[in-house]
Amino acid sequence: MNLHIHNTLTNKKDLFVPCSSAKSINMYVCGPTVYSEPHIGNARAALTGDLFYRVLKELFENVVYIRNLTDVDDKIIDQSSKTGIPISKLTEDVACIYQKNMLELNMLKPTHEPKVTDNINNIISTIEKILINKSAYISEKHVVFDTVAFENYGTLSKKIANDLIDGARIKPEAFKRNQKDFVLWKPSQNDKHGWDSPWGFGRPGWHIECTSMIKSIIGNNNTLDIHGGGNDLIFPHHENEIAQGSCCSSSKYCNYWFHNGIVLVNKKKMSKSLGNVILVSDIINRYDPSIIRLALMSTHYRQPLNWTDDTINNAKNIYEKISRTLNNTSQLDVTRDDNFLELLCDDINTPNAIQYLIKQAKLARDDIKVMSKLKYNCQLIGIVSNRNSIEINPNEKQIIENLIEKREMARKNKDFVQADSIRDQLTTLSVVLEDGPSGVTWKIKR
RNA sequence: GGCUAAGUGGCAGAGUGGUGAUGCAGCGGCCUGCAAAGCCGUCAACGCCGGUUCGAUUCCGACCUUAGCCUCCA
C-alpha cells in the first residue's frame, strides 16, 4: 500500500518514497515551546504527527518518530520574568503538563523527545559546521546565518527574497547584513540564562535547535524522510531549518514536509490577546479523549479547523455510535482492514475515514467479522471504546440501582406515573436509561 | 501590498466531468406503556460571472468574500 503526502515543497500530493531503501524511516514533528500550557492547537499538531506515525507504523517495520520540546526561547525568558517563576521550573512544569496531556489524548509516545537544553553542545557544533561552510558570519557577538549564501532560500514558503524586503515591517537590526538573515547564536547578559560558547556567553537562536537535534539523531549526513508542524511555521522557521540543514551537511535536509492548518475559535486564530485560548487540560476534563480526537479529526489536517460547540458535539455523537457498537467486544480479536488504511494513506484523510467508521459501525452490529475490523480501525486511529468508564462512587451507584429497581417494580405494576417520575429523578442525576428486550441498561451521560 | 489556502444543504464537513457522501438538526414511520437506543423512509447545497465540453459543483480565467503567513506563534 502506498502513502501519499501533500508535500509543502512541491505543493502537491506526492507518493511517499523512503530516502533509504531500508525499511526504516524517520519523521520529525515540531513540538511546543514550553512557556505556557498546551492548547488545542498544540494538540492538533501533535495529533497530525501521531496519525502519520500510526499509519507509517502500519507500512514500515521501523519508524523513528521525533517530537521535540523547545525549552530555550525568548518567550520563556519573558514569561519567567513576568511571573517570577524560575526558567527551569517553568519549562519543566509545562513540559510535564504537555507530555501528560498528550498521553491522555492517546498520542503514541515518540521514539525520541529531545530537549534543547540537553543539546547545547550539538547546537554549538552544528553552528560551527555552518561557519566552516561560510554560510554564516559573526557580528556583534551574534552568529548570523547568511541567507544570500544559500541560493534556495525561500523554496519552501514560495517567498521571493524581494517580497520579504518589501514587506519589511521587521525592525531593522544593525548587526545583520541582510534583514532576512537570522540568528544562530545570540549573546546573553550574565544574569540571563545562557551557555559558554566559542562566541561568548549566550544562547541559541530560535531555528537552529530543530536542525541540530534532527541531525544528532539521524546522523549529520542523512536526509530526514518527513518533517511536519503547524503551517504558521512554514515561514520563517522551516525555511530557515532548510537553509541551516543544507549548509551543515552534504545531504538534502528533508524530502517531505507536511503542515497542519491552525485551529480557529469563532473564526479567529487563538491568541492570548483575544482571550480565546482553549487549553487541553480544560476540555480533557469535560470530554472523553476519543471525542476530542474525533473532533480534531473531523476536518482534514490541512484545513483550518473552526472550533465551536458543534465541533465537539458532533464528535460526541459519532463516538457514541461507534462505542455503543463496540461495547462488550473486549475479548474480540482484531482484523486489519486495508480499505480503511487506504483512506488514511490518502494524505491522512480523516473525514473520509470517520465516514467509513460510521458506516462500518452500522454493519458491524450483525457481522462479527466487520466488528473485528471496526475494532482494529478504532485502535489504529487511537479511538478506544471505554464506555461506562466514568467513575461513579459506590454509594452513588447503589442509589441509582435502587431507584432503577423501584422503577422496575412500578413498571411491572403498570404504575407508569411513578415509573416516569423515577426516571425523571434519574435524569437529574445524569443517568440515561434504556429499556431493552433483555432488561434495563443505564449509563451516565455528561 | 506580496504569498498561501479556502468558499458545498439549517449547522458541521468529504468527494466527483454525467443518478450531489456522512453526522447532527427537521419531518414521516416501525419499535416502546411512554421514552431512550436501533431500524426504514424523507426534505434540503456546490460564492458570483464568463470560457472549454454533448454535459461542470468538479477543468480554465476574472471577480467577490473569508482565514492564515510576510513580525513570536502548533
Side-chain angles (χ1 to χ4, degrees), chain A residues 6 8 11 29-33 35-36 38-49 67 70 73-75 78 98 154 157-160 162-171 179-180 206 228-237 239 259-264 267-272 277 294-295 297-322 324-325 343 346 349-359 362 365-366 410-412 414-417 419-420 423-424 427 432-437 440-443 445:
Chain A
H6 183 100
T8 311
N11 216 358
V29 175
C30 280
T33 300
Y35 71 108
S36 65
H39 53 249
I40 53 173
N42 295 304
R44 190 184 194 197
L47 177 64
T48 306
R67 190 184 65 200
T70 297
D73 190 90
D74 286 2
K75 286 195 297 295
D78 291 348
Y98 179 82
S157 57
K158 319 282 185 292
K159 287 187 187 302
I160 302 155
N162 290 337
D163 293 342
L164 295 171
I165 294 160
D166 287 346
R169 281 182 249 170
I170 319 151
K171 62 174 176 235
Q179 288 310 311
K180 61 185 183 332
W206 173 30
N231 73 179
D232 48 358
L233 294 179
I234 296 172
F235 188 89
H237 186 233
E239 195 67 64
H259 290 95
N260 63 274
I262 60 164
V263 177
L264 305 171
K267 304 212 169 176
K268 291 278 175 204
K269 183 169 179 175
M270 275 194 295
S271 74
K272 282 183 187 158
V277 175
L294 280 168
M297 283 190 269
S298 66
T299 301
H300 182 87
Y301 78 87
R302 296 183 57 230
Q303 304 295 343
L305 168 60
N306 188 31
W307 186 273
T308 64
D309 288 346
D310 286 339
T311 312
I312 197 84
N313 285 333
N314 238 323
K316 207 164 140 186
N317 290 327
I318 292 166
Y319 180 64
E320 180 66 24
K321 260 183 214 305
I322 294 172
R324 187 183 284 280
T325 305
L343 295 175
D346 179 21
N349 193 330
T350 49
N352 267 350
I354 291 171
Q355 170 199 346
Y356 182 94
L357 286 185
I358 295 165
K359 285 180 177 170
K362 279 192 181 187
R365 286 176 190 131
D366 26 55
R411 288 180 73 211
K412 266 184 197 144
K414 309 251 182 236
D415 182 357
F416 297 120
V417 175
D420 289 352
R423 185 166 61 196
D424 290 345
T427 305
V432 177
L433 297 181
E434 289 176 20
D435 301 331
V440 189
T441 56
W442 63 277
K443 63 180 172 159
K445 196 168 189 175

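Proteins get letters first, then strands, A, B, ... in listed order; numbering begins at 1 in each. Because the structure is predicted, anything quoted here is derived from the model rather than measured.
Using a 4.0 Å cut-off between charged nitrogen and carboxylate oxygen, Lys180(A) and Glu239(A) do not count as a salt-bridge pair.
In a base pair of the Watson-Crick type (N1 to N3 plus N6-O4 or O6-N4) or a G-U wobble (N1-O2 and O6-N3), with each distance short of 3.5 Å, C27(B) is matched with G41(B). In this structure, U52(B) makes no Watson-Crick or G-U wobble pair, since no nucleotide meets both defining distances under 3.5 angstrom. Taking a pair to require two hydrogen-bonding distances under 3.5 Å in either a Watson-Crick or a G-U wobble arrangement, A67(B) pairs with U4(B).
Between A36(B) and Lys443(A), no contact under 4.0 Å exists linking OP1 or OP2 to a side-chain N or O.
U8(B) and U57(B) have their P atoms separated by 15 Å, given to the nearest Å. A12(B) and U71(B) have their P atoms separated by 33 Å, with the value rounded to a whole Å.
Picking from G68(B), G23(B), A35(B) the nucleotide with the shortest atom distance to the side chain of Lys362(A) gives G23(B).
Put simply, NE2 on His237(A) is 12 Å from P on C72(B), counting in whole angstrom units. A straight line from CG of Asp415(A) to P of G33(B) spans 16 Å, rounded to a whole angstrom. One can place CZ of Arg302(A) at 18 Å from P of G68(B), the figure rounded to the nearest angstrom.
The base of A35(B) sits with one of its N or O atoms less than 3.5 Å from a complementary donor or acceptor on the side chain of Arg423(A).
The minimum heavy-atom distance linking His6(A) with Arg302(A) is given by the pair NE2-NH2, 3.0 Å.
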